[in-house]
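Both ligands and their constituent atoms are indexed starting at 1 by order of listing.
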Amino acid sequence: MLRVEHLYKNYQIGSQTYPVLRDVSFEVEKGEFVAVMGPSGSGKSTLLNCIACYIPFQKGEIVLGGQNLASLDAEGLAVVRNRKLGFVFQDFCLLDGLSVKDNILLPRIISGQTEEAMEEDAARLCRIFGIEHIRDKYPAEISGGEKQRTAVARALINSPLLMLADEPTGNLDSKSSRTVIQSFERAREELDTTIFMVTHDSFAASFCDRVIILKDGEIFKTAYCSGSHRDFQKELLEIIEEMGEEGEEKE
Ligand SMILES: Nc1ncnc2c1ncn2[C@@H]1O[C@H](COP(=O)(O)OP(=O)(O)OP(=O)(O)O)[C@@H](O)[C@H]1O
């Protein structure tokens with residue numbers, strides 16, 4: 001589904017080159033829920049933005065559904081973004097002037113598909129994510145958790161190969177976070193959605209099959225959920241603490 005192989009990404013500021021991702025390799029299988037965690041500045045957003053076709057990278061490969069992203073021109077990358085990827089952002093990015101239903105349909109309309117079935121598809125997603133009762137409301141009239149569940153439905157309206165989520169619970173209280181993570185679980189159960197999420201939230205990450213921990217642009221560790229979510233969250237918190245201690249030792 002997604003293969004990232006020996007990925008290197010530098011930022012160039014004037015004559016200075018700053019390496020941000022160094023030899024990052026991993027795969028995500030269909031239907032998997034994978035998170036990336038790590039300290040601020042470790043390269044999480046940069047990794048997500050490379051997979052999202054937002055920024056170019058220097059070396060390595062990103063292969064999505066058999067297609068090598070490095071081989072595509074700007075138009076090809078736009079098609080991948082529109083048709084093969086779904087996006088969920090920390091700040092929801094809903095359009096205030098559109099109803100919940102029309103926000104969900106927006107990617108369909110942008111990609112030029114306006115067939116009758118799309119109303120049915122939107123209704124199905126509203127049902128799956130428990131937002132049927134607010135489908136005619138506007139973003140200003142719904143809660144943060146409802147906004148994010150609307151954003152999840154919007155991300156999935158084009159049946160993407162992969163849903164990318166950037167801090168999806170970052171702006172939510174714990175109760176709303178729980179409903180959003182439940183919506184991710186529903187997406188997997190009902191739609192076999194593959195999810196790749198960047199997060200600082202160990203609670204959200206504890207629902208993943210696997211968590212890749214980045215440190216200074218490299219994979220520090222990969223943790224697998226083998227027991228309860230509670231135990232996995234505890235393990236993740238221990239790893240993060242361990243990293244903090246290593247950082248302190250260096251100084
Ligand atoms: N456009 C850019 N130009 C130059 N440097 C950048 C750019 N974007 C990010 N960086 C730098 O690259 C490093 C990694 O940034 P990135 O945003 O990927 O980290 P992150 O792990 O997502 O951090 P956070 O958890 O704070 O969001 C940081 O040192 C950051 O300052």
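Residue Ser42 approaches ligand 1 through these ligand atoms, each under 4.0 Å from one of its heavy atoms: 19 (O), 21 (O).
Of the protein's heavy atoms, Tyr11 CE1, 3.4 Å lies nearest to atom 10 (N) of ligand 1. Protein heavy atom in closest approach to atom 27 (O) of ligand 1: Ser45 OG, 3.9 Å. Scanning the protein for heavy atoms near atom 26 (O) of ligand 1, the closest one is Ser40 OG, 2.6 Å. Atom 23 (O) of ligand 1 has Gly41 N, 2.9 Å as its closest protein atom, hydrogens excluded (heavy atom only).
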- Message: Between Gln233 and Ser202, is the side-chain hydrogen bond (donor to acceptor under 3.5 Å, both in side chains) condition met? List the steps.
- Response: CA-CA 6 Å; Gln233 182 179 12; Ser202 61; 3.1 Å; yes
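Distances from atom 18 (O) of ligand 1 to the heavy atoms of Asn10, Thr46, Asp216, Ile55 put Thr46 nearest. For atom 19 (O) of ligand 1, the choice among Cys50, Gly170, Gly217, Gly43 with the nearest heavy atom turns out to be Gly43. The heavy atom nearest to atom 21 (O) of ligand 1, considering only Lys44, His200, Lys9, Gln90, is found in Lys44.
Ring geometry for Phe89 against Phe87 counts as parallel: the plane angle stays under 30°, on a 0 to 90° scale with 60° as the upper cut.
In this structure, the side chain of Glu218 does not engage the main chain of Lys215 through any donor-acceptor pair within 3.5 Å. A distance-only check finds a donor-acceptor pair linking the side chain of Arg186 to the backbone of Ile128 [under 3.5 Å]. Formation of a donor-acceptor pair under 3.5 Å by the His229 side chain with backbone atoms of Ser206 is found in this model. Although no hydrogens or angles enter the test, the distance criterion places no donor-acceptor pair under 3.5 Å between the side chain of Ser176 and the main chain of Asp173.
Below 3.5 Å of separation, one finds no N or O of Val20 facing any N or O of ligand 1. Geometrically, ligand 1 and Gly38 share no nitrogen or oxygen pair separated by less than 3.5 Å.
The distance from atom CG of Asp121 to atom SG of Cys126, rounded to the nearest 0.5 Å, is 11.0 Å.
Residue Pro39 places a heavy atom less than 4.0 Å from ligand 1.
When heavy-atom distances to ligand 1 are checked against a 4.0 Å cut-off, Ile13 comes that close only through its side chain, counted from C-beta outward.
Taking the six-membered ring for Trp and the full ring otherwise, the centers of Phe26 and Phe196 sit less than 6.0 Å from each other. You'll find the ring centres of Phe207 and Phe33 outside the 6.0 Å limit.
Atom 31 (O) of ligand 1 lies below 4.0 Å from none of the non-hydrogen atoms of the protein.
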